[in-house]
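So the structure is just underneath, and the comments pick up after that.
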Amino acid sequence: MDEYKRIKGTQDIYGSEIDYWNQVEKTAKSILEKYAFKELRTPIIEPTELFNRGIGNETDIVKKEMYTFEDKGGRSITLRPEGTAPAVRAYIENSMINSGLPIKLFYFGPMFRYEKPQSGRLRQFHQFGAEIFGSDYPLADAEIIIMLNNILSSVGLRNYRLKINSVGCPKCRAEYRKALKEYFGKYLGEMCEDCQSRYEKNPMRLLDCKVQKDKEYAREAPSILDYLCEECRDHFANVKKYLDLSHVIYEVDSRIVRGLDYYTKTAFEFEHLDLGAQAVIAGGGRYDGLVEEIGGPSTPSVGFGMGVERVILAMKAEKVQFLCENDVDVYIVHSGKGTEEQALELTSKLRSDGIKAYISVVKRNMSGQFKHANKIGARLSIVIGEDELTNNFYTVKNMVTGDQSQVEKEWVTDIIKEKLEGI
RNA sequence: GUGGUUAUAGUUCAGCGGUAGAACGCCUGACUGUGGAUCAGGAUGUCGUGGGUUCAAAUCCCACUAGCCACCCCA
């Protein structure tokens with residue numbers, strides 16, 4: 001029996017699975033850098049208070065999903081449930097403002113949320129995220145969305161859609177809440193229990209209810225978009241204009257309400273069409289009040305978070321193909337007295353010439369070495385046996401066609417490189 | 001946190017009261033300097049854990065744990 005098992009909601013990532021991860025990480029990173037975002041690495045643990053303040057005490061994340069514990073010094077520590085609050089903390093703590101605004105940062109790493117696992121939902125999951133600190137300009141919102149769209153499509157995804165909304169600023173939202181409560185007040189008695197409690201806590205969530213009957217009430221509910229102040233309305237119009245100009249297709253959905261309290265104005269979600277219940281592969285928005293909330297100077301900002309596991313699920317659902325480099329170019333097969341030393345030297349030489357060379361680190365006869373070479377997908381093999389040793393040449397074999405040829409020692413690297421080109 | 005469902009070899013699964021099976025994978029050989037195809041052998045499980053019923057439990061009952069899926073919520 002296995003004595004030790006993975007913690008619930010965590011995964012070991014290995015084998016062919018890791019190819020998907022490398023593909024996503026590689027393309028995301030290269031695009032992020034193309035847009036001049038610079039990587040930020042923050043600790044996985046943070047003071048609990050950062051999230052209480054940043055995400056909001058009333059959110060589900062803070063109320064029931066945080067991995068919080070006390071360290072030996074009696075401090076309350078939390079495993080980060082998301083990346084924005086830590087990024088903001090780092091921005092303030094390191095006075096990044098002094099290197100000139102805006103600051104464009106991206107991050108990648110594990111996040112932790114104590115939830116019941118299901119498809120597309122884990123207790124330890126991974127996010128790519130990016131933030132632009134110090135711009136209230138709609139072009140910043142647009143850049144974030146365009147870039148994210150760019151990442152998703154570059155990773156090979158097609159079957160997804162973008163939904164955007166404006167959740168307004170504290171000024172217009174207050175008006176809107178009042179209107180919502182007035183509207184739903186009439187039907188409250190007939191609505192589900194959850195909605196009854198949402199009514200007081202977070203009336204905007206009423207729009208989001210999945211209960212069929214409630215959905216119908218929600219359809220007729222007043223829209224935030226009719227309550228936006230002039231500034232918010234202009235901002236939203238401009239964001240949409242830039243998306244149109246960039247040929248990014250979107251759908252305005254006034255029911256999008258994000259689960260983190262810090263969002264203002266722009267809020268958006270990328271939803272994949274072939275996924276189960278957890279279909280949001282990325283989301284984000286503007287958070288003009290957050291930096292100040294956490295103790296920094298007023299700094300309007302926008303960002304996104306993208307769930308790597310969900311993106312990979314989507315890639316599989318769409319059967320996305322991608323090139324994945326061979327682990328081994330050349331397998332050095334050796335057999336007979338004195339060949340081992342030669343084989344080792346040759347392997348080292350090829351490796352320093354930039355070729356992925358493999359020498360068996362397990363004792364195997366010639367047949368066994370070929371079998372293994374085949375199994376690990378080596379494209380070529382080089383044989384060093386007694387013949388080769390006495391007559392001073394190498395035998396190079398194409399593992400796909402089975403062709404073999406004799407090669408003068410001094411030309412191996414060139415010939416190997418040439419042959420690899422042709423496969 | 002709530003609900004549904006599942007748990008047998010490395011993997012996918014069959015067996016559903018009488019002392020563990022298949023396929024694939026893995027290892028060995030046919031092939032003493034050659035892999036992939038074929039053929040022949042072989043290894044591997046306290047049948048998720050703990051309890052109960054029974055002469056007898058992988059099989060029936062209960063609890064727990066874990067996986068999957070959905071709700072809630074989110075990436």
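Per chain, numbering begins at 1; letters A, B, ... match sequence-line order.
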Query raised in the report: How about V308(A) and Y20(A): do any of their side-chain heavy atoms sit closer than 4.5 Å?
Result: no

Query raised in the report: Is it true that atom CG of L225(A) has more than 12 heavy atoms of other residues, nucleotides or ligands lying nearer than 6.0 Å?
Result: yes

Query raised in the report: 5'-most contact on RNA chain B: T10(A) or M306(A), nearest heavy atom basis?
Result: T10(A)

Query - Basic-acidic side-chain contact under 4.0 Å: R161(A), E271(A) - result: yes

Query raised in the report: What integer number of Å spans the P atoms of U5(B) and A63(B)?
Result: 13 Å

Query raised in the report: Nearest of C72(B), A75(B), C27(B) to any side-chain atom of D60(A)?
Result: C72(B)

Requested in this report: Please determine, for the side chain of E65(A), which listed nucleotide (C73(B), C72(B), A70(B)) has the closest atom?
Outcome: C73(B)

I'd like a list of close polar pairs between nucleotides 10-13 of chain B and the protein, N/O only, cut-off under 3.5 Å.
none

Query - G3(B) - base-pair partner by Watson-Crick or wobble geometry, distances under 3.5 Å - result: C69(B)

Report task. Using a 4.5 Å cut-off on heavy atoms from C-beta on, say whether the side chain of V291(A) contacts that of V88(A). Result -> yes

Query raised in the report: Is it true that R53(A) and E293(A) have a side-chain N and a carboxylate O under 4.0 angstrom from each other?
Result: yes

Query raised in the report: If you measure from the C1' atom in C61(B) to the same atom in G17(B), how many Å do you get, rounded?
Result: 13 Å

Requested in this report: Work out which heavy atom in F69(A) is nearest to a heavy atom in L79(A); give both atom names and the distance.
Outcome: CE2-CD1, 3.7 Å

Report task. Scan R6(A) against the nucleic acid and name what it touches under 4.0 Å (heavy atoms): base, sugar-phosphate only, or nothing. Result -> nothing

Query - Between A9(B) and A14(B) - C1' atom distance, rounded Å - result: 13 Å

Query - Short N-O contact, K29(A) and E39(A), less than 4.0 angstrom - result: yes

Requested in this report: With P as the reference atom in both, quote the distance from G45(B) to G10(B) in angstrom, rounded to an integer.
Outcome: 8 Å

Report task. Please determine, for A23(B), whether a Watson-Crick or G-U wobble partner exists with both distances under 3.5 Å, and give it or none. Result -> U11(B)

Requested in this report: Could you tell me the separation between the CD atom of E58(A) and the C1' atom of C72(B), rounded to a whole number of Å?
Outcome: 16 Å

**Report entry** Upstream residue (5' side of RNA chain B) when G283(A) and G276(A) are each assigned their closest nucleotide
**Finding:** G276(A)

**Report entry** Distance, P atom - from C74(B) to C16(B), rounded to whole angstrom
**Finding:** 48 Å

Query raised in the report: Which part of the nucleic acid does V400(A) contact within heavy-atom distance under 4.0 Å: base, sugar-phosphate only, or nothing?
Result: base

**Report entry** Minimum side-chain heavy-atom gap V383(A)-F370(A) below 4.5 Å
**Finding:** yes

Query raised in the report: Considering only heavy atoms and no angle criterion, is a donor-acceptor pair shorter than 3.5 Å present between the side chain of N374(A) and the base of G36(B)?
Result: no

Query raised in the report: How long is the span from the CG atom in L228(A) to the OG atom in S223(A), to the nearest 0.5 Å?
Result: 7.5 Å

Requested in this report: Searching all strands shown, indicate the nucleotide that pairs with U49(B) (Watson-Crick or G-U wobble; both distances under 3.5 Å).
Outcome: A63(B)

Query raised in the report: Which value, in whole Å, describes the distance between the P atoms of nucleotides G36(B) and C31(B)?
Result: 14 Å

Query raised in the report: Whole Å only: how far is the CG atom of L148(A) from the P atom of A75(B)?
Result: 12 Å

Report task. Check every strand shown and say whether A373(A) touches a base, only sugar-phosphate, or nothing at a heavy-atom separation below 4.0 Å. Result -> nothing

Report summary line: For A57(B), the nucleotide meeting Watson-Crick or G-U wobble distances (both under 3.5 Å) is none

Requested in this report: Find out whether I151(A) and F304(A) are in side-chain contact, i.e. whether some heavy atom of one side chain is under 4.5 Å from a heavy atom of the other.
Outcome: yes

I'd like a table of atom pairs between the protein and nucleotides 28-34 of chain B - only N or O on both sides, under 3.5 Å - with the distance next to each one.
from	atom 1	to	atom 2	distance (Å)
G33(B)	O6	D387(A)	N	2.5
G33(B)	O6	D387(A)	OD1	3.3
G33(B)	O6	D387(A)	OD2	3.4
G33(B)	O6	E388(A)	OE1	3.3
G33(B)	N1	E388(A)	OE1	2.6
G33(B)	N1	E388(A)	OE2	3.2
G33(B)	N2	E388(A)	OE2	2.7
U34(B)	O2	K397(A)	NZ	2.4
U34(B)	O2	Q404(A)	OE1	3.0
U34(B)	N3	Q404(A)	OE1	2.4
U34(B)	O4	Q404(A)	NE2	3.4

**Report entry** Counter-base of C39(B), judged by Watson-Crick or G-U geometry with both distances under 3.5 Å
**Finding:** G29(B)

Query raised in the report: Can you tell me how far NE2 of H272(A) sits from CG of L152(A), rounded to the nearest 0.5 angstrom?
Result: 10.0 Å

Taking only nitrogen or oxygen atoms into account, show me every contact under 3.5 Å that the protein makes with nucleotides 1-4 of chain B, one pair per line with its distance.
from	atom 1	to	atom 2	distance (Å)
U2(B)	O4	K116(A)	NZ	3.2
G3(B)	O6	K116(A)	NZ	3.4

Requested in this report: Would you mind reporting whether E318(A) and N159(A) have side-chain heavy atoms less than 4.5 Å apart?
Outcome: yes

Query raised in the report: Can you tell me how far C1' of A75(B) sits from OH of Y263(A), to the nearest Å?
Result: 10 Å

Report task. Begin from the C-alpha positions of Q23(A) and M315(A) and carry the test side chain to side chain contact (heavy atoms under 4.5 Å, CB included) through to its verdict. Result -> CA-CA 11 Å; Q23(A) 176 70 5; M315(A) 288 168 77; 4.2 Å; yes

Report task. Could you tell me whether E325(A) and K356(A) have a side-chain N and a carboxylate O separated by less than 4.0 Å? Result -> yes

Query raised in the report: Base, sugar-phosphate, or nothing for G129(A), non-hydrogen atoms under 4.0 angstrom?
Result: nothing

Requested in this report: Answer with base, sugar-phosphate or nothing: what part of the nucleic acid does G15(A) contact at a heavy-atom distance below 4.0 Å?
Outcome: nothing

Query raised in the report: Mind checking the C1' distance from G25(B) to U32(B)? Whole angstroms is fine.
Result: 28 Å

Query raised in the report: Can you tell me how far P in U11(B) sits from the matching atom in U54(B), rounded to whole Å?
Result: 36 Å

**Report entry** Nearest to side-chain heavy atoms of V280(A), which nucleotide of C71(B), C74(B), G36(B)
**Finding:** C74(B)

Query raised in the report: For C16(B), which nucleotide is its Watson-Crick or G-U wobble mate, given both distances must be under 3.5 Å?
Result: none

